[in-house]
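The figures that follow rest on heavy atoms only: side chains count, while hydrogens, waters and symmetry mates do not.
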Amino acid sequence: QVQLVESGGGLVQPGGSLRLSCAASGFTLVDYAMGWFRQAPGKERERVSCISSGSGSTAYADSVKGRFTISRDNAKNTVYLQMNSLKPEDTAVYYCAAASSFFKICTGRSDYWGQGTQVTVSS
């Protein structure tokens, strides 16, 4: 059974940091490109960041560039999103996703989705 389980969300003050984790099971993570997406209430889903299967390529939305870092540990079947200098507009449900190619995940398509974790940035 394929599963992507996100964790690490929560409430943080503006300027703070969080690290999201996405644990994969039921498939071989190293064969997939991975991505983080988010959706705020009343807004469309947004691609935050994506990473190729071998970590050689990454991409970020302009809104998070320089603040967020995506990484992966294929040995641990886990993908991370380090979020620094958080802003209230980063508040959203964050989803992890897997796709068979870097191009596919970076253009918002995926083979598997997680259930999401809430990130709230507020004072």
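- For the 3.5 Å distance criterion, the side chains of Ser25 and Gln1 fail to qualify, holding no donor opposite an acceptor.
- Proximity of a side-chain donor or acceptor of Arg67 to a complementary backbone N or O of Gln82 within less than 3.5 Å is not detected.
- For the pair Ser52 (side chain) and Ser57 (backbone), a donor-acceptor distance under 3.5 Å is present.
- Leu11 is listed as a side-chain neighbour of Ser122, based on a closest heavy-atom distance under 4.5 Å.
- Formation of a donor-acceptor pair under 3.5 Å by the Ser101 side chain with backbone atoms of Lys104 is found in this model.
- Cation-pi contact between Arg19 and Tyr80: present, with separation from the ring centre below 6.0 Å and deviation from the ring axis of at most 45°.
- Under the 4.5 Å side-chain criterion, counting only non-hydrogen atoms from C-beta, Leu81 is not in contact with Thr69.
- In this structure, Thr117 OG1 and Leu18 CG are separated by 9.0 Å, a value rounded to the nearest 0.5 Å.
- Of the possible polar contacts, none joining the Tyr94 side chain to the Ser7 backbone as a donor-acceptor pair under 3.5 Å is found.
- By the 6.0 Å contact criterion, NZ on Lys43 is open, its count of non-hydrogen atoms from other residues, nucleotides or ligands being 12 or less.
- Between Pro14 and Pro88, some side-chain heavy-atom pair lies under the 4.5 Å cut-off.
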Verify side-chain contact (heavy atoms from CB on, under 4.5 Å) between Thr107 and Phe102, making sure each step is shown before the conclusion. CA-CA 9 Å; Thr107 53; Phe102 183 59; over 6 Å; no
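- Closest non-hydrogen pair, Leu20 versus Gly9, comes out as CD2-N, 3.6 Å.
- Residues Asp90 and Lys87 are not paired through a salt bridge, judged by the lack of any N-O separation under 4.0 Å between the basic side chain and the carboxylate.
- One N or O on the side chain of Asp111 and one on the backbone of Ser100 form a donor-acceptor pair closer than 3.5 Å.
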Given the rule in the side-chain contact (heavy atoms from CB on, under 4.5 Å) test, do Val12 and Thr120 qualify, once you have shown the distances and angles that lead to the verdict? CA-CA 6 Å; Val12 63; Thr120 303; over 6 Å; no
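- Formation of a donor-acceptor pair under 3.5 Å by the Ser49 side chain with backbone atoms of Ala59 is found in this model.
- No side-chain heavy atom of Val30 sits under 4.5 Å from any side-chain heavy atom of Ser53.
- Interatomic distance, Cys50 SG to Ile105 CD1, rounded to the nearest 0.5 Å: 7.5 Å.
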Before giving the answer on side-chain contact (heavy atoms from CB on, under 4.5 Å), spell out for Glu89 and Ser63 the whole-Å C-alpha distance, their side-chain angles and the decisive distance to 0.1 Å. CA-CA 9 Å; Glu89 51 264 43; Ser63 57; over 6 Å; no
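- Shown here for Ala92 and Arg38, the closest heavy-atom pair between the two residues is CB-CB, 3.8 Å.
- Closest heavy-atom contact between Leu29 and Val79: CD2-CG2, 4.1 Å.
- The distance from the OG1 atom of Thr28 to the CG atom of Asn74 is 10.0 Å, given to the nearest 0.5 Å.
- Pairing each heavy atom of Ser85 with each of Ser17, the nearest pair is N-OG, 4.3 Å.
- When the side chains of ILVMFWY residues are joined at heavy-atom separations under 4.5 Å, either directly or via intervening members, Val93 and Val64 end up in two distinct hydrophobic clusters.
- Annotation: Phe27 is in aromatic contact with Tyr32 [ring centroid separation under 6.0 Å].
- Under the 4.5 Å side-chain heavy-atom criterion for Ile, Leu, Val, Met, Phe, Trp and Tyr, Tyr95 and Met83 are members of distinct hydrophobic clusters.
- At most 12 heavy atoms of other shown residues, nucleotides or ligands fall within 6.0 angstrom of atom CD in Glu44.
- Judged purely by atom type and a 3.5 angstrom limit, Asp73 uses its side chain to pair as donor or acceptor with the backbone of Lys76.
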May I have the step-by-step check of side-chain contact (heavy atoms from CB on, under 4.5 Å) for Met34 and Leu4, ending in yes or no? CA-CA 11 Å; Met34 300 296 294; Leu4 293 172; 4.0 Å; yes
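- Here the side chain of Arg72 pairs no donor or acceptor atom with the backbone of Gly54 at under 3.5 angstrom.
- For Arg47 (side chain) and Cys106 (main-chain N/O), a donor-acceptor pair under 3.5 Å exists by modelled atom type.
- When ring centroids are compared, Trp36 and Phe68 stay outside the 6.0 Å threshold.
- Nearest heavy atom pair, residue Lys65 against residue Tyr60, reads CE-O, 3.6 Å.
- One N or O on the side chain of Glu6 and one on the backbone of Cys96 form a donor-acceptor pair closer than 3.5 Å.
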